[in-house]
Amino acid sequence: MVEDLIQNGDYQEALSYLTDINDEKTRYLRLVCLIGLKQYEQAKEEGMYAKAHAKDTYYDVISMYVTALKELQEFEEAIDILIEELSMPYIPYEYENVFNAAYDQILLDKQEARYEVESKNQIFSIEEIEQLLKNKSSNDELIYMALDQLQQLNIRLILPTIRDYLNDPKRDFFIKSLLLEILIDQQVDDEFEVEKFNQYYDINPVYMPLVLEQDAYQGIGLYLEKNIEDENPSLYQQCLDYLEYYLYSVYPNEIYEDDYHIIAASIHYYVATLQMIDIDEEDIEIMYYCTMDDIERMKLNFNRIDVL
C-alpha cells in the first residue's frame, strides 16, 4: 500500500504510515517521500542516520542522501561521499552508473552555483578532476572545464590516473592531447605511453613541443597561406582551424616535412568539399605538387578522426 502511494506521488499520505524508524526499509522509503516533498533538510537529517545503519538498502539510501545534499547545495559533502563509494573495490554495476552520473551532475551544479562568485579555477579540486578522468562515462564538456583548471594545479599529484587515461584506447583522443600539453607546460620529466588510433607512442613530455609549436603547423600553414589566403580568406581560416584540429587529433605522431604539401592539399580539398565549394582536382594537384591519390589516402585519416 505504501509503495503504491509513493508510486502515485502521494508522499504525505505515505509518510503517515512510515512510522517505524527502526525498520531499515521504512527509513529508506521515508527518504523517498521527503525528497518527493522537497523537504531536503529533513531528508538530510534522516539520511545521515539511515546511511549509518543501512544494510540491504545501503546504496539506495546513499542515492537519496546525496540527492538531499545536492538540493541543499552542500556539494562538497555529496562529492566526498560519491568519491568514497566509487573508490570501493566492489560496487554493484547499476549503482556505479547511477553514482557516476550523479557525480558529473553535482560538479556541473557546483560550477553553476559558484560561477558568479568564484573564478573558474576555484571550482574543482584535484581529487574531483582525478575522479572525472577515472570515470569512463564522464561528460567530455565537464572534463574540458576541469582541464582548464588543471593547468593551474599540480598535475604530478594525479600522474597514475593521467598515465591510465593516455594509455586507454577507449578514452578521447583530443583530451589526451590537452593532457599532454599540460604535462609539457609543467615540465613533467617522466615516461608515458600514449595510445592514438591503435598506435602507441613512448614519450617524455619534457622533450616534447606543444601541439602548435611543432614545425608541421608552420610548414603546412605556409602551403595553405600561399594557395588560399588571397583568393578566399574565409576558406583559408577554416582550413587553419581544421589544421589545428588535425594536429591535436594525431599528436604526438610525428609529421615529416615531405608530407606537408600533401596534408595541406588534403585539408584544402576536404574543407572546400564540406563547404560545397567547387574545386578543380587538377588545380589542386598543380598547386600542391601532389596527386589525387595522395589526397584520397590522407582523407581517409580525416574521415577516421571526424567520425569518432
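This one's a predicted model, so the numbers in the text were calculated from it and none came from an experiment.
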Inter-residue atom distance [X].[atom1] - [Y].[atom2], 0.5 Å rounding:
X: L153; Y: I129; atom1: CG; atom2: CD1; result: 5.0 Å
X: N139; Y: L142; atom1: CG; atom2: CG; result: 5.5 Å
X: T67; Y: I35; atom1: OG1; atom2: CD1; result: 5.5 Å
X: I220; Y: E225; atom1: CD1; atom2: CD; result: 14.0 Å
X: I62; Y: E84; atom1: CD1; atom2: CD; result: 8.0 Å
X: L274; Y: Q238; atom1: CG; atom2: CD; result: 9.5 Å

request  = Please state whether the rings of F173 and F197 are parallel, tilted or perpendicular, taking 30° and 60° as the class boundaries.
outcome  = tilted
Check whether [X] reaches the backbone of [Y] with its side chain - one donor and one acceptor, N or O, closer than 3.5 Å.
X: K110; Y: I79; result: no
X: Q237; Y: S234; result: no
X: T26; Y: I21; result: no
X: K196; Y: N253; result: no
X: N232; Y: I228; result: no
X: Q186; Y: I155; result: yes
X: R30; Y: A43; result: no
X: E195; Y: N198; result: yes
X: N100; Y: E96; result: yes
X: Y236; Y: N227; result: no

message = Which residue in the set L34, L37, L29, L18 passes side chain to side chain contact (heavy atoms under 4.5 Å, CB included) when paired with Y11?
response = L37
Qualifying residue for side chain to side chain contact (heavy atoms under 4.5 Å, CB included) with I162, from I182, V188, L183 = L183
Can you find a side-chain donor-acceptor pair between [X] and [Y] that sits under 3.5 Å?
X: D190; Y: N204; answer: no
X: T57; Y: E24; answer: yes
X: N135; Y: Q131; answer: no
X: Y248; Y: E181; answer: yes
X: Y95; Y: D60; answer: yes
X: Y65; Y: E46; answer: no
X: Q7; Y: E3; answer: no
X: E94; Y: Y59; answer: no

Please report the closest heavy-atom contact between [X] and [Y], naming both atoms and the distance.
X: G221; Y: L240; value: CA-CD2, 4.3 Å
X: I184; Y: P209; value: CD1-O, 3.5 Å
X: I267; Y: C239; value: CG2-O, 3.6 Å
X: R27; Y: H53; value: NH2-O, 3.5 Å
X: V61; Y: G47; value: CG1-O, 4.3 Å
X: D294; Y: S266; value: O-OG, 4.3 Å

Evaluation steps, side chain to side chain contact (heavy atoms under 4.5 Å, CB included), between L147 and I143 = CA-CA 6 Å; L147 293 187; I143 294 180; 4.0 Å; yes
Applying the 4.5 Å side-chain criterion to the ILVMFWY set and letting contacts propagate, would [X] and [Y] be lumped into a single cluster?
X: L180; Y: L159; result: yes
X: L31; Y: Y49; result: no
X: I279; Y: L243; result: yes
X: L210; Y: L179; result: yes

Stepwise side chain to side chain contact (heavy atoms under 4.5 Å, CB included) check, E193 with L166 = CA-CA 7 Å; E193 184 177 58; L166 293 174; over 6 Å; no
Is any side-chain heavy atom of [X] closer than 4.5 Å to a side-chain heavy atom of [Y]?
X: Y245; Y: F302; answer: no
X: I175; Y: Y165; answer: yes
X: F124; Y: L107; answer: yes
X: V211; Y: L178; answer: no
X: L132; Y: D104; answer: yes
X: L157; Y: N154; answer: yes
X: V250; Y: I305; answer: yes
X: I158; Y: L150; answer: yes

inquiry  = Between K134 and D164 (salt bridge meaning N to carboxylate O under 4.0 Å), is one present in this structure?
reply    =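 Looking at K134 and D164, the cut-off is not met.
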In this structure, are over 12 heavy atoms from other groups packed under 6.0 Å from [X] atom [atom1]?
X: Y207; atom1: OH; result: no
X: D23; atom1: CG; result: yes
X: Q218; atom1: CD; result: no
X: Y289; atom1: OH; result: no
X: K299; atom1: NZ; result: yes

message = Please report whether the ring centroid of Y223 lies less than 6.0 Å from that of Y260.
response =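 Not close enough - the centres of the two rings lie 6.0 Å or further apart.
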inquiry  = Show, in sequence, the C-alpha distance, side-chain angles and deciding distance for M145 and L108, and conclude whether the side chain to side chain contact (heavy atoms under 4.5 Å, CB included) test is met.
reply    = CA-CA 10 Å; M145 288 191 290; L108 286 170; 3.6 Å; yes
key: Results of side-chain hydrogen bond (donor to acceptor under 3.5 Å, both in side chains) for Y58 - residues two or more places apart only   =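 Once residues adjacent in sequence are excluded, the partners of Y58 under the side-chain hydrogen bond (donor to acceptor under 3.5 Å, both in side chains) criterion are E85.
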request  = Run the numbers on K136 and D168 for salt bridge (charged side-chain N to carboxylate O under 4.0 Å, His left out), then give the verdict.
outcome  = CA-CA 10 Å; K136 295 187 178 182; D168 189 343; 3.4 Å; yes
query = Given I255 and Y246, is the side chain to side chain contact (heavy atoms under 4.5 Å, CB included) satisfied, shown in steps?
reply = CA-CA 11 Å; I255 298 175; Y246 173 72; 4.1 Å; yes
